[in-house]
Number of protein chains: 2
Amino acid sequence: MLDAAVALIGQRGTAGTTLKEVGEQAGYSRGLAGYRFGSKEGLFGFVVKAVGEEWLRELTAVTRDKVGLAAIEAALDAHARFLAEAPEHVRAFYVLWFEAIGPRSTLKGVIERVHERRRRDVLEWIARGVAAGEIDPELDTGAVADHFCGAIVGIVYQWLVQPVDRARIEAMHETLKLTMRRLLPAHLPSEEYTP
Amino acid sequence: MLDAAVALIGQRGTAGTTLKEVGEQAGYSRGLAGYRFGSKEGLFGFVVKAVGEEWLRELTAVTRDKVGLAAIEAALDAHARFLAEAPEHVRAFYVLWFEAIGPRSTLKGVIERVHERRRRDVLEWIARGVAAGEIDPELDTGAVADHFCGAIVGIVYQWLVQPVDRARIEAMHETLKLTMRRLLPAHLPSEEYTP
DNA sequence: AAGGTACTTGCTTGTTTCAAACAAGTAAGA
DNA sequence: TCTTACTTGTTTGAAACAAGCAAGTACCTT
């Protein structure tokens, strides 16, 4: 059922996807999808949660035992890989993500929580980088985290618009790494001059 | 008719907006909106074009006679102002913008052109900054422009999710300015050491 | 110039089609 | 017998389209 929904969202978009087709493509009757999920929005919520958890597992795996810039770069690498291998799941996830911003969207809450979670992760990586002495403690970490999360959204947007241009997407991840290196200056830069 | 559409998109979202209501709220019959614009998508396309041109006029006005970082910062100030004054128009515009990424969206073409136009503007500002000798000509300007446009999308996304938190939105614009200053280094940095 | 006719424009109303939502049912198993 | 998993029937409502109407506007004829 999940796979059918993901495939249809990828092909026809959310407006073009019907509960009837989802049910039938999954090998059931026309009515099952509506019955199980209550409504179209209910189905979409299920898809977002399922794929979101998939990504979360991936992310925690690659950032385990990493702090500061290393964690951020590992996360970016994993993200680029996730998009490049582009299982349709990710595409459906982000299509739903971007549509959830409208008013009256029941998905909004779910998406907001994912977003907030991302931000806290970034803050955590930075805080640990500060603790490890590799990042300046004076920094406005909230602003940097916001910029990072926003930039990710921007990259994904670009990817959804032109998924073909893989090199460009990877370049955007690299530019974001560079940006983060510039925004997160080393702690006690004077040490750089003591050989 | 435009105002009715904008108001309804802002209140109910695109899925919740009906052609019937748009027509009636504009003081006409239930059928007019559908007749004039052919379809719901047609109406939405009209809204995007109308608001897009509004913003374009604003943008060209504030960046006239500016190059390099100055142009970028002026554009960011104008953008922050546009969001803060938040005429419903902008909200409807971006809601449609984010929904246009799905497959089978007729708006996609329009949005892609707006996006591409933005990118070319940024490249132009940078190129003029290079010509004026204030930016390093060795730079990968395409990557910087992509990052900039992506970051804008990220900011707008955040704004749509939590339009209330005005300070945060302005901070994100400031962080993006800072980022651009870091990514666009001065030309011939050695000059900085010759008094 | 006057008056009549065709054509256009802007809008309304009627009708079809199709999806969502929900209610009621059935069959297989615990 | 009760629950679970699923199907089928029905209602409601929106989109899309067709057809119609009324108020111009242009054109043509004498």
Side-chain angles (χ1 to χ4, degrees), chain A residues 1-50 88 92-93 95-111, chain B residues 1-50 88 92-93 95-111:
Chain A
M1 205 79 155
L2 177 67
D3 287 336
V6 161
L8 283 168
I9 292 169
Q11 286 165 34
R12 310 202 206 291
T14 53
T17 297
T18 72
L19 290 169
K20 183 184 164 209
E21 271 182 312
V22 171
E24 285 173 350
Q25 182 151 327
Y28 299 101
S29 67
R30 67 176 173 79
L32 185 64
Y35 172 76
R36 272 213 193 145
F37 301 104
S39 68
K40 218 171 153 177
E41 290 248 302
L43 167 64
F44 292 160
F46 170 75
V47 172
V48 165
K49 272 181 210 150
E88 291 175 306
F93 175 81
V95 166
L96 293 170
W97 170 288
F98 281 113
E99 284 183 8
I101 42 135
R104 304 263 177 117
S105 163
T106 42
L107 273 137
K108 206 168 186 173
V110 183
I111 296 288
Chain B
M1 205 79 155
L2 176 66
D3 287 335
V6 161
L8 283 168
I9 293 170
Q11 286 165 35
R12 312 202 205 291
T14 54
T17 297
T18 72
L19 290 168
K20 184 184 164 208
E21 272 181 313
V22 171
E24 285 173 349
Q25 183 151 327
Y28 300 101
S29 68
R30 68 175 172 79
L32 185 64
Y35 172 76
R36 272 215 193 141
F37 302 104
S39 68
K40 219 171 154 176
E41 290 250 300
L43 168 65
F44 292 160
F46 170 75
V47 172
V48 165
K49 272 181 209 148
E88 291 175 306
F93 175 81
V95 166
L96 293 170
W97 169 288
F98 280 113
E99 284 183 7
I101 42 139
R104 303 262 179 117
S105 162
T106 43
L107 274 138
K108 205 167 186 174
V110 183
I111 296 288

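Residue numbering restarts at 1 for every chain, and letters A, B, ... go by the order of the sequence lines. Atoms considered below: every heavy atom in the structure, side chains included; atoms not considered: hydrogens, waters and symmetry mates.
- A salt bridge links B:Glu21 with B:Arg12; the closest basic N to acidic carboxylate O contact falls under 4.0 Å.
- Relative orientation of the B:Phe98 and A:Phe98 rings is parallel, given thresholds of 30° and 60° on the angle between their planes.
- The listed nucleotides are C:dC11, D:dA15, D:dT7; the one nearest the side chain of B:Leu32 is C:dC11.
- Atom P of nucleotide C:dG14 and atom CZ of B:Arg30 are separated by 7 Å, given to the nearest angstrom.
- Protein atom CZ of B:Phe37 is 13 Å distant from nucleotide atom P of D:dA16, rounded to whole Å.
- With hydrogens and angles left out, the side chain of A:Tyr28 and the base of D:dC6 share no donor-acceptor pair within 3.5 Å.
- Atom CD in A:Glu21 sits about 9 Å away from atom P in C:dA20, given to the nearest Å.
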Subject >> side chain to side chain contact (heavy atoms under 4.5 Å, CB included) assessment of B:Phe93 paired with B:Val48 >> reply: CA-CA 5 Å; B:Phe93 175 81; B:Val48 165; 3.8 Å; yes

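- As a whole-Å value, the separation of B:Leu8 CG from D:dA14 C1' is 14 Å.
- Residues B:Gly31 and A:Ser29 each lie close to DNA chain D; by heavy-atom proximity, the contact nearer the 5' end of the strand is made by A:Ser29.
- Taking atom CG on A:Leu19 and atom P on C:dC22, their separation rounds to 11 Å, with Å as the unit.
- B:Arg36 places its CZ atom 14 Å from the P atom of C:dT9, with the value rounded to the nearest Å.
- Under a cutoff of 6.0 Å and an axis angle of 45°, B:Arg36 and B:Tyr28 form a cation-pi pair.
- The residue among A:Tyr35 and A:Thr18 whose nearest nucleotide of DNA chain C is located toward the 5' end is A:Thr18.
- Atom CD of B:Glu41 and atom C1' of D:dA16 are 14 Å apart (whole Å).
- Rounded to whole Å, atom P of D:dC17 lies 15 Å from atom NZ of B:Lys40.
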